[in-house]
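Below is one structure, written out as structure tokens, with a few remarks after it.
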Amino acid sequence: MQNNRAASKFRTALSKPSALSAPYVGWLAVFVVAPILLVVVYAFSKVPSPVYYLTRETGIVETVTRETVNAELQADDSLIITVTTEDGIAYPESPENAISLLSQDNTVLVVSRADATVVMTVRFEGGGFTFDNFGGVWKSAPVFLRSFWLAFISTVICLVLGYPLAYILARETRGIQRAMNMLIMLPMWMNFLLRTYAWMSILENTGLLNRFLSIFGIAPLHIINTQTAVVIGMVYNFLPFMVLPLYSVIVKIDRHVIEAAQDLGAGAGQVFRRVIFPLSLPGVLSGVTMVFVPAVSTFAISKLLGGGMSNLLGDLIERNFRGNAYNLELGSAIALVMMVVVMVFMYFVNRFGDGTEGAVMM
Amino acid sequence: MSRKSRFFGRAYTALILLFLYAPIFVLIVFSFNASKSRTVWVGFTFDWYRELFHDASILGSFYTTLIVSVIAAAVATVVGTISAVGLHSMKRRPRNALLFINNIPLVNADIITGVAMCLLFVSLGRVLRFELGFGTLLIAHITFNIPYVILSVMPKLRQLDVNLVSAARDLGCTWFGALRRVILPEIRPGVINGAMIAFTMSIDDFVISYFTAGSSAQTLSMTIYSMTRKRISPEINALSTLLFVVVLGLLLAVNIRSSRQDEREKIKHKT
């Protein structure tokens, strides 16, 4: 309410300032909302497949199969083929090359023979509504499970490692806190690919870790290209995202509250369980979010450290959009499902947080 | 706190730091290695640094990253600040709705944002006849930078004393004058902070760039990614060492400055 009144006063003070955000509203519509809607549209669209149109001299257009097209092109030696591709340039082509060009959108072949001329057009047609893509998503259910499972493990490890660190830091002197904050943030400023790549040299079968262990006569560990390596990479990359929000919440907890609990006879465990942890829940929640979301969608970490063995959701999406399995429709469907599942997960995490926070307040 | 628990605390902190810095240490050491091996130390050399400065693809992508980050952060700071002022003056409902949309790129996984923008650019490109490249990369960076600026400016606007603006207007200031002379100086720390976050996010981004830059524009992260997949060269180590030194220097400078400021304030409070 207070805020609203201030806003209205602000409005009268500056004549019509809300118009200032109009350009950004347009920007949001085009570059934030429209792309998300496009993901939904693509997810429900048919995958374009080539349709071959054959126009004979009589002018009748018919849709034919690929076999018919191939047969037309191999008819005899006298045929002359002119190809017009998408860029609009026409040039003569040998039958072998012409056949390879048939897999390109908007290619027009004019096939002239002694007795007749036919025009063949290839068009990639899709765009109809379908649920088929989600069948493809269902097929990759194991990848979903693996991604969410590894992200879950990484988040738990980050929390278990990060909470004590944040707690210890919050008790340190100001100078140490400042230095430690810097030391935790410093790796974040370095390219994460470089740091992940460094883990390759450490974890390799003949890598630094195994060389170190062999000094003590310990048998080499096989870590690289396993899920363990992927989890190590995730924990390493995302641990600061857990520590920093935790620290910023814990450091603000009023010491008097803790002292009050102690005065009232609470033991160390009870103080932690019933005072400190509930008060630090907002930090836990934002830490969990900041680790889980990038962990579930990563593709570089799994590719570098997991080899081909750990195929994660991010890898799947990447291959459908930029890789050899180019299929925007299936990729969009996977992305859409992932987005929805993550949103549902976040909703429950936050509701769980709200509930306990309310309980603490009471 | 007892001395014993303090000792354990520090030991634990040291272990975590070891975990965080071991890979960086490895990168730095092997940037001076006289062999291509990533694990066997052969001898000391500066060769990789020399080669790095002759590697056109690395230097080119470094410039691209720098230019994109500077332009994107600058545009995002201006647009974000102005929009934040506009948003702040809105009624609660439309404001919250817009802030919700504004947060979408922050909450969503990077890959979703990247893929969604990739679809937009590919679809628009088919109609308007353009291809993914520097332009689309820049638009993508601006788009994910603006929310950070807005989020960092909004709290400062909430702290702003509205009466100051009214007073300026009463004294004959135009609305633009009030914006420039009253509001802007008051929210300045938020604006600077937002610009810095935006710049960092741009420099650091890999995933969104990867999906929106196409093949004609390459950022440093993209070059590193393609290098780690094909030809693994210690030039990467040399590059990361240089970046590490630069970042360390910057952070130290910022930290020393702010700790000095703290001390000055302490002294001010005492007197």
Side-chain angles (χ1 to χ4, degrees), chain A residues 4 6-7 9-11 13-15 17-21 24-25 28 31-36 38-39 42 161 164-165 168 171 178 182-183 186-187 189-191 193-195 197-199 201-202 204 206-208 211 236 293-294 296-297 299-300 304 314 317 321-322 328 331-332 335 339 342, chain B residues 1 9 12-13 16-17 19-20 22-24 26-27 30 38-39 79 82-83 85-92 98 101-102 104-105 108-112 115-120 123 139 143 146 162 165-166 169 175 178-179 206 211 220-221 224-225 228 236 240 243-244 247-248 251 255 259:
Chain A
N4 233 8
K9 205 167 176 188
F10 195 74
R11 264 198 299 282
L14 290 175
S15 35
S18 52
L20 288 175
S21 50
Y24 184 50
V25 173
L28 280 178
F31 294 115
V32 176
V33 178
I36 300 284
L38 265 178
V39 171
Y42 267 82
L161 288 179
L165 183 68
I168 292 163
R171 299 260 160 288
R178 191 195 294 281
M182 197 195 92
L183 284 175
L186 183 56
W189 281 53
M190 281 192 60
N191 193 293
L193 289 166
L194 289 173
R195 288 179 285 130
Y197 163 76
W199 275 106
S201 350
I202 298 178
E204 268 175 345
T206 55
L208 297 168
R211 274 165 201 282
Y236 175 76
V293 174
V296 85
S297 63
F299 67 92
L304 290 179
I317 296 175
F321 274 87
R322 289 216 45 182
L328 297 182
S332 298
M339 187 165 71
V342 169
Chain B
M1 207 191 286
Y12 181 75
T13 312
I16 297 275
L17 282 182
F19 175 62
L20 286 179
I24 296 176
V26 169
L27 280 179
F30 281 91
R38 288 179 297 158
T39 50
V79 176
I82 292 175
S83 313
V85 172
L87 283 172
H88 182 64
S89 65
M90 280 185 174
K91 292 208 175 92
R92 201 173 60 202
L98 283 174
I101 298 173
N102 179 58
I104 290 178
N108 251 339
D110 276 359
I111 198 168
I112 304 267
V115 154
M117 294 198 86
C118 171
L119 279 183
L120 177 81
S123 320
I139 290 178
T143 307
I146 295 178
V162 192
V165 187
S166 308
R169 294 285 278 151
W175 70 265
L179 182 69
F206 161 64
F211 285 104
L220 191 57
S221 317
I224 294 170
Y225 183 64
T228 51
I236 297 187
S240 27
L243 287 178
F244 181 77
V247 170
L248 181 67
L251 272 182
N255 256 288
S259 74

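In what follows, chains carry the letters A, B, and so on, assigned in the order in which the sequence lines appear, proteins first and then strands, with residues in each chain numbered from 1.
In this structure, the side chains of A/Leu20 and B/Trp175 come closer than 4.5 Å at one or more pairs of heavy atoms. Side-chain contact between B/Phe30 and A/Ser201: absent, with no pair of heavy atoms (C-beta onward) separated by less than 4.5 Å. Between B/Leu248 and A/Met182 the shortest side-chain heavy-atom distance falls below 4.5 Å.
Between the side chain of A/Tyr197 and the backbone N or O of B/Tyr225 there is no donor-acceptor pair closer than 3.5 Å.
To the nearest 0.5 angstrom, B/Ile146 atom CD1 is 5.0 Å from A/Tyr24 atom OH.
Looking at A/Leu328, only its side chain comes within 4.5 Å of chain B, counting heavy atoms on both sides. With a 4.5 Å cut-off on non-hydrogen atoms, A/Pro187 touches chain B through its backbone and its side chain both. Heavy atoms closer than 4.5 Å to chain B are found in the side chain of A/Leu304, but not in its backbone. Both the backbone and the side chain of A/Tyr236 come within contact range of chain B, judged by heavy atoms closer than 4.5 Å. With a threshold of 4.5 angstrom between heavy atoms, B/Val115 approaches chain A through its backbone and through its side chain. With a threshold of 4.5 angstrom between heavy atoms, A/Ile202 approaches chain B through side-chain atoms but not through N, CA, C or O. Both the backbone and the side chain of B/Leu20 come within contact range of chain A, each with at least one heavy atom under 4.5 Å from a heavy atom of that chain. Looking at B/Ile104, only its side chain comes within 4.5 Å of chain A, counting heavy atoms on both sides. For A/Val39, the parts lying near chain B are the backbone and the side chain together; criterion is any non-hydrogen pair under 4.5 Å.
Residues B/Asn108 and A/Val293 come closest through the heavy atom pair C-CG1, 4.3 Å. The minimum heavy-atom distance between B/Met90 and A/Ser21, with the atom names listed, is CE-OG, 3.3 Å. The two residues B/Tyr12 and A/Leu161 have their closest heavy-atom pair at OH-O, 2.5 Å. Nearest heavy atom pair, residue B/Leu27 against residue A/Ala198, reads CG-CB, 3.6 Å. Of all heavy-atom pairs between A/Val32 and B/Ile101, the closest is CG1-O, 3.9 Å. Shown here for B/Ser221 and A/Leu193, the closest heavy-atom pair between the two residues is O-CD1, 3.3 Å.
Taking the six-membered ring where tryptophan is involved, the planes of B/Phe211 and A/Phe321 are perpendicular, since the angle between them exceeds 60° and thus also 30°.
Contact count versus chain B (heavy atoms, under 4.5 Å) is highest, among A/Val25, A/Val33, A/Asn191, for A/Asn191. Heavy-atom pairs under 4.5 Å with chain B peak, among A/Thr206, A/Val342, A/Leu208, at A/Leu208. Interface check for chain A: of the options B/Val79, B/Leu220, B/Leu98, the most heavy-atom pairs under 4.5 Å are formed by B/Leu98. Of the listed residues B/Ile16, B/Leu119, B/Ile111, B/Leu120, the one with more heavy-atom pairs under 4.5 angstrom with chain A than any other is B/Leu119. Listed options A/Leu186, A/Leu165, A/Ile317 were ranked by heavy-atom pairs under 4.5 angstrom with chain B; first place goes to A/Leu186.
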